[in-house]
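The analysis underlying the following values was restricted to heavy atoms, covering all of them including side chains, and did not include hydrogens, waters or symmetry mates.
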Amino acid sequence: MDNNGLDMYNEIPVLSTYMGHENLYGTEHYLHMTAENSRDILDKMEEFNKGLFPEVLE
């Protein structure tokens with residue numbers, strides 16, 4: 001779903017039914033933001049924050 005551009009949090013009722021959970025909270029337990037499924041967000045934030053934090057040299 002995420003790879004097809006769907007918002008996972010809008011699709012929780014579908015996932016919950018598909019997975020056989022009694023409520024949405026059981027399904028939310030399995031939804032996590034990771035680098036693999038949120039690369040677009042991470043790329044945008046990296047560009048937005050560019051120069052905000054100086055590089056630390058050791």
Open item on the list: Checking one residue: Val56. Which other hydrophobic residues are in its cluster under the side-chain 4.5 Å linking rule?
Closed with: none
Task: Interatomic distance, Leu15 atom CG to Asn10 atom CG [nearest 0.5 angstrom] - done: 11.0 Å
- [ ] Return the set of residues passing side-chain hydrogen bond (donor to acceptor under 3.5 Å, both in side chains) with Asp43 (not counting sequence neighbours), or none when no residue passes.
- [x] Arg39
Open item on the list: Let me confirm one number: the CD1-OG1 distance from Ile12 to Thr17, rounded to the nearest 0.5 Å.
Closed with: 11.5 Å
Task: Nonpolar side-chain network containing Phe53, other nodes, edges under 4.5 Å - done: Leu52
Task: Contacts of type side chain to side chain contact (heavy atoms under 4.5 Å, CB included), residue Tyr18, not counting sequence neighbours - done: none
Task: Contacts of type side-chain hydrogen bond (donor to acceptor under 3.5 Å, both in side chains), residue Thr27, not counting sequence neighbours - done: Ser16, His21
Task: Residue list, side-chain hydrogen bond (donor to acceptor under 3.5 Å, both in side chains) with Glu47, at least two apart or on another chain - done: Lys50
